[in-house]
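Worksheet: the structure to be examined is printed underneath.
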Amino acid sequence: MRIYKINDDKFKSIYISYNFTFEVKDESDFSNSVVLAALMSKTSNKYRTLKEKNRYLNFLYGASFFVNTQRFGDLYSIEFGIEYINKEFLPDKEELLYKVLYFLKEMIYNPADWSEKEIQREKAVLANRINKQKDDKFNYAIKRVEELLCKDEPFGTALYGGIENVERVDKSSLIKAYDKLLDSCVTIIVSGNLCGYDDIDKKINEVFKNCNNLTKKITDLVFNTKKESLSNIEVVNENIDATQSILTVGMKINNCNADDFYALNLYNLILGGAPSSKLFQNVREKESLAYDISSIYNCFKDIIIIYAGINKDNYNKALRIIEDQITQIKQGKITDIEFNSAKDMLIESLIECNDSKISLLDNKLMNIIKFKTDSISIDDAIEQVKKITIDDIVRVANLISTKKIFFLGGIDNA
Amino acid sequence: MRNINIEVSRSLGESTYITTLENGLKVYICKKKGFNKKIGIFGTKYGSLDNDFIDIMTRKRIKVPDGIAHFLEHKLFENEKGNALDMFSEIGVDSNAYTSFDRTIYYFETSNRFEEAIDILIKMIKEPYFTDENVAKEQGIISQEISKYDDDTKYTVYYNLLRAMYQKNPIRVNIAGTIESISYINKELLYTCYNTFYSPQNMFILVIGDVDVNKTIELIDNRMKKYDGDITLNEKIKKFIPDEPKDILQKEITQKLDIYMPRINIGYKLPIVDGEEITKCEVISYIISEMYFSTLSDFFQKEYSEEKIDAPVDFYYEGGDTFSHVVISATSKKIDLIEEDILNYIEDIKEKQIDEELFNIVKRNIIGNIIFSSESLSSSGSTIIESILRGTSVYKEIEVLENITSKDIKDFLNKLDERYRVSSKIISKE
């Protein structure tokens with residue numbers, strides 16, 4: 001089995017990431033996967049209680065074990081990750097590698113026989129998280145506009161597949177979800193200080209021998225299932241009893257290809273993704289309409305979301321300025337300062353990737369899924385960014401159109 | 001020859017270099033080999049608590065509006081030719097600032113524009129530019145920031161806790177002030193605060209990253225020299241913070257917000273300690289939180305399976321020159337039940353014998369966590385800032401941890417006195 005290794009001796013620890021990635025056919029796949037992930041993060045057949053498991057991890061100098069679920073566009077991924085400290089930095093140079101690997105194997109391949117009570121408990125936790133979504137107004141408003149933009153696509157599914165689907169999860173659906181998980185694509189990435197661990201890939205292969213389905217390839221998976229454009233602009237309002245209102249604007253990028261990735265990243269930084277951006281400068285600095293204003297680019301779904309925390313009375317004014325700034329970029333009204341500072345910022349963030357074993361790992365996984373290759377280095381990416389011109393930005397800007405506006409209106413006027 | 005002190009951490013395999021410039025400014029450089037990113041920090045020992053002091057220019061006592069330290073933080077980004085935030089972002093450098101009770105911190109992060117970024121940082125701090133127009137503009141932005149926090153349960157429950165716990169200490173007031181209090185801020189008041197609290201003796205520069213130590217110190221010294229002619233009065237700063245009674249103000253504050261998940265903070269007011277003792281209280285609280293409240297505790301297991309909590313209860317210590325308390329924080333649909341359970345549990349663990357094996361396992365965990373966090377430049381920065389403000393050596397944490405005994409844990413738990421306990425709750429409107 002191929003294991004991707006990223007080594008840098010400035011780190012003191014090692015992060016082993018064991019990812020299962022699969023296509024989602026049905027909303028209930030999300031619900032089952034997330035309940036499954038929650039159960040598997042807590043116990044196993046050997047570590048029957050959370051206490052036993054965590055006592056062991058504490059003993060391994062705070063090695064941290066986590067199970068993350070993540071959407072890559074329409075794909076879903078469950079990551080089993082463990083981080084531990086390289087022996088060079090531990091008192092008495094204590095070696096933890098085999099302990100860590102067998103622990104990880106135990107958690108993935110020897111799950112507990114979950115009791116009905118445990119299953120119900122995890123479902124209740126998720127139901128609470130779904131119900132409290134609105135307590136975080138920004139995330140809620142962003143999620144809502146994503147749902148509107150990607151309606152009927154796996155990415156646009158409600159959080160955790162929605163409350164009804166979570167309620168329907170039971171032991172037999174979980175066992176099916178577990179079988180599906182084991183049958184899905186596995187990607188293993190190791191990142192950190194591998195000094196003294198040259199053969200870590202051999203050891204991983206030794207411990208996880210015959211565990212995985214090697215026939216499935218992550219590069220065959222489709223992360224964006226629907227590409228046709230939406231028709232009219234739709235405005236959706238929702239009221240909330242709060243001081244501040246949240247305005248979100250959802251935009252779709254039509255007919256772009258993988259090569260546009262860096263130009264779109266740059267477009268997003270010029271529009272709203274940085275303090276030098278047009279939205280930050282005009283909505284916040286010039287007009288004092290917002291404290292928070294920004295935009296987010298999702299490269300798997302080809303969408304951009306703008307969000308701003310504003311006073312309800314300023315809705316029309318804020319929206320007008322936002323639309324005006326979008327048009328300006330389309331017309332090529334981008335100053336050299338706006339362009340160059342966005343470029344510098346993007347290059348800077350790529351360079352800084354090298355300082356975090358998690359960013360390095362995430363970047364590798366993103367490349368494997370998005371570009372279907374693991375050979376793009378950070379330096380290659382920087383070269384790509386350097387080549388982008390203002391004309392490239394104008395070209396991608398004209399692929400973008402506003403489709404959905406979601407307004408979470410506060411009641412008070414602050 | 002410049003006198004440079006070196007503090008070495010053998011466990012983390014790194015060092016911090018410390019020197020004092022002629023004008024009194026302390027400079028700290030934490031060398032992180034191999035990292036691309038460099039963080040530059042300019043900080044002042046001035047925060048939201050410092051609202052009543054002797055104006056260093058007029059030598060008269062003055063009371064300033066709540067939230068002015070935070071307002072000043074926003075305004076220092078403004079200079080005559082434009083905005084420092086813009087100047088940083090024009091060279092692709094990320095920058096920001098924050099204000100808390102006892103400090104204001106300005107920082108940037110860059111990998112290859114370090115010298116230029118240091119220039120901008122020093123310039124923005126040393127060349128304030130306040131006008132009536134730019135003060136008025138900021139009132140709009142900060143009002144939105146205050147509204148955002150008003151809607152946030154985490155902030156609201158915490159500030160209500162402090163308001164219940166403290167009778168006179170200005171910690172009772174939100175760091176950003178109120179929409180009303182900031183309306184009284186004008187450029188003259190900003191200059192008064194600036195002149196009093198932004199003198200080199202009250203400030204420090206901290207650099208974290210793989211930089212050449214001597215060159216960096218020379219660079220900073222060189223840029224700072226330009227301002228040596230400025231009127232900086234090297235007088236001792238005189239602040240007035242009202243004496244805080246031992247007693248709490250009220251037992252409980254409950255507020256309703258339009259939320260689904262209620263939140264509770266329980267606080268215990270404690271005697272004030274200083275310097276290394278603050279670090280010790282923090283580490284002890286960290287151990288208590290891991291032993292008694294984290295996912296490896298029986299308490300978590302029980303409360304979780306009874307559906308009282310979905311995530312571990314937090315337990316942490318906060319201390320400064322004029323405040324000292326423990327905060328216990330939880331979210332729950334059954335807020336009153338979880339409160340009762342936590343309070344009974346605290347009394348229980350005071351009585352119980354300490355599980356020595358668990359105590360030692362948790363210590364191993366914390367050693368690991370200190371090593372993990374040293375991989376992040378910004379966490380290293382936060383730890384060093386704390387040591388600067390406390391006047392302790394930089395790498396105290398591991399040493400303090402090693403010296404803590406199970407008796408220290410017991411003694412600390414016994415300081416949590418029901419008479420000085422307060423509760424703050426945010427509950428749903430329905």
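The sequence lines fix the lettering, A, B, ..., with proteins before strands; numbering per chain opens at 1.
- By number of non-hydrogen pairs under 4.5 angstrom with chain B, the leading residue of A:Glu94, A:Gln120, A:Glu338 is A:Glu94.
- Looking at A:Asp9, neither its backbone nor its side chain comes within 4.5 Å of chain B, counting heavy atoms on both sides.
- Shortest non-hydrogen contact noted between B:Ile141 and A:Glu285 is CD1-OE2, 4.3 Å.
- Both the backbone and the side chain of A:Glu83 come within less than 4.5 Å of a heavy atom of chain B.
- Contact count against chain A (heavy-atom pairs under 4.5 Å) is highest for B:Thr110 among B:Thr110, B:Asp298, B:Thr153.
- Taking CG from A:Leu57 and OG1 from B:Thr295, the interatomic distance works out to 8.5 Å, rounded to the nearest 0.5 Å.
- No donor-acceptor contact under 3.5 angstrom links the side chains of B:Glu90 and A:Ser276, judged on distance only.
- At distances below 3.5 Å, not a single donor-acceptor pair connects side-chain atoms of B:Asp310 with backbone N or O atoms of A:Asn128.
- For A:Ile347, no part sits under 4.5 Å from any heavy atom of chain B, backbone or side chain.
- Comparing A:Asn131, A:Asp292, A:Ile337, A:Leu346 by heavy-atom pairs within less than 4.5 Å of chain B, the highest count is held by A:Asn131.
- At a 4.5 Å heavy-atom cutoff, A:Ala274 makes no contact with chain B through either its backbone or its side chain.
- Of the listed residues A:Gln281, A:Lys343, A:Glu287, A:Lys53, the one with more heavy-atom pairs under 4.5 angstrom with chain B than any other is A:Gln281.
- At most 12 heavy atoms of other shown residues, nucleotides or ligands fall within 6.0 angstrom of atom OH in B:Tyr155.
- The contact between B:Glu290 and chain A is made entirely by side chain atoms (from C-beta outward), counting heavy-atom distances below 4.5 Å.
- Residue B:Phe88 does not touch chain A at all, counting heavy-atom pairs closer than 4.5 Å.
- Considering CG of B:Asn369 and CG of A:Asn58, their distance stands at 8.0 Å, rounded to 0.5 Å.
- For the pair B:Glu375 (side chain) and A:Ser13 (backbone), a donor-acceptor distance under 3.5 Å is present.
- Nearest heavy atoms, B:Phe35 versus A:Phe11: CE2-CE2, 4.4 Å.
- For a residue to count as touching a neighbouring chain, one of its non-hydrogen atoms must lie under 4.5 Å from one of that chain's; by this rule B:Ser374 touches chain A with backbone and side chain alike.
- Contact annotation for A:Lys134: neither backbone nor side-chain heavy atoms come within less than 4.5 Å of a heavy atom of chain B.
- In terms of modelled atom types and a separation under 3.5 Å, the side chain of A:Asp355 and the main chain of B:Lys37 share a donor-acceptor contact.
- Remark: B:Arg113 engages A:Asp344 in a salt bridge, criterion side-chain N to carboxylate O under 4.0 Å.
- Looking at A:Tyr84, the atoms closer than 4.5 Å to chain B (heavy atoms on both sides) all sit in the backbone: N, CA, C or O.
- When heavy atoms are compared at a cutoff of 4.5 Å, B:Asn83 approaches chain A solely by way of its side chain, counted from C-beta outward.
- Contact record, B:Asn365 with A:Gly62: OD1-CA, 3.0 Å, taken as the closest heavy-atom pair.
- Taking OG of B:Ser89 as the reference point, atom CG of A:Asn340 lies at 12.0 Å (rounded to 0.5 Å).
- Across B:Asp150, B:Ile371, B:Ile367, B:Leu85, the residue that shares the most heavy-atom pairs under 4.5 angstrom with chain A is B:Ile371.
- Only the backbone of A:Leu289 has a heavy atom closer than 4.5 Å to any heavy atom of chain B.
- Under the 4.5 Å side-chain criterion, counting only non-hydrogen atoms from C-beta, A:Arg55 is in contact with B:Glu357.
- Using a 4.5 Å cut-off between heavy atoms, B:Ser294 makes no contact with chain A at all.
- B:Lys154 does not touch chain A: none of its heavy atoms, backbone or side chain, sits under 4.5 Å away.
- Put simply, the side chain of A:Asp135 never gets that close to the backbone of B:Ile259: no donor and acceptor are under 3.5 Å apart.
- Per-residue counts of heavy-atom pairs under 4.5 Å with chain A were compared for B:Lys33, B:Lys429, B:Arg10; the largest is that of B:Lys429.
- Taken to the nearest 0.5 Å, the CG atom of B:Asp210 stands 9.0 Å off from the NZ atom of A:Lys10.
- Using a 4.5 Å cut-off between heavy atoms, A:Lys117 contacts chain B through its side chain alone, with no backbone atom that close.
- For the options B:Met261, B:Glu145, B:Lys363, heavy-atom pairs under 4.5 Å to chain A are most numerous at B:Glu145.
- For the residue pair A:Thr49 and B:Gln301, no side-chain donor N or O sits within less than 3.5 Å of a side-chain acceptor on the partner.
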I'd like to know whether B:Asp355 forms a salt bridge (charged side-chain N to carboxylate O under 4.0 Å, His left out) with A:Lys51, so could you lay out the CA-CA distance, the side-chain angles of the two residues, the decisive distance to 0.1 Å, and finally the verdict. CA-CA 14 Å; B:Asp355 173 350; A:Lys51 182 179 164 177; over 6 Å; no
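- We find the OG-CD1 distance between B:Ser147 and A:Ile310 to be 12.0 Å, quoted to the nearest 0.5 Å.
- Of the residues considered (A:Lys132, A:Glu348, A:Met345), A:Glu348 shows the highest number of contacts with chain B, using heavy-atom pairs under 4.5 Å.
- For NZ of B:Lys302, the number of neighbouring non-hydrogen atoms (other residues, nucleotides, ligands) closer than 6.0 Å is greater than 12.
- For B:Leu358, the parts lying near chain A are the backbone and the side chain together; criterion is any non-hydrogen pair under 4.5 Å.
- In this structure, no portion of A:Gln133 lies under 4.5 Å from any heavy atom of chain B.
- Here the side chain of B:Ser111 pairs no donor or acceptor atom with the backbone of A:Glu352 at under 3.5 angstrom.
- B:Gln144 and A:Tyr291 share no donor-acceptor pair across their side chains, judged by distance under 3.5 Å alone.
- Ranked by heavy-atom pairs under 4.5 Å with chain B, the first of A:Phe59, A:Phe89, A:Phe138 is A:Phe59.
- Only the side chain of A:Lys357 comes within less than 4.5 Å of a heavy atom in chain B; its backbone stays farther off.
- Taken from OG1 in A:Thr243 to CG in B:Asp152, the straight-line distance is 11.0 Å, to the nearest 0.5 Å.
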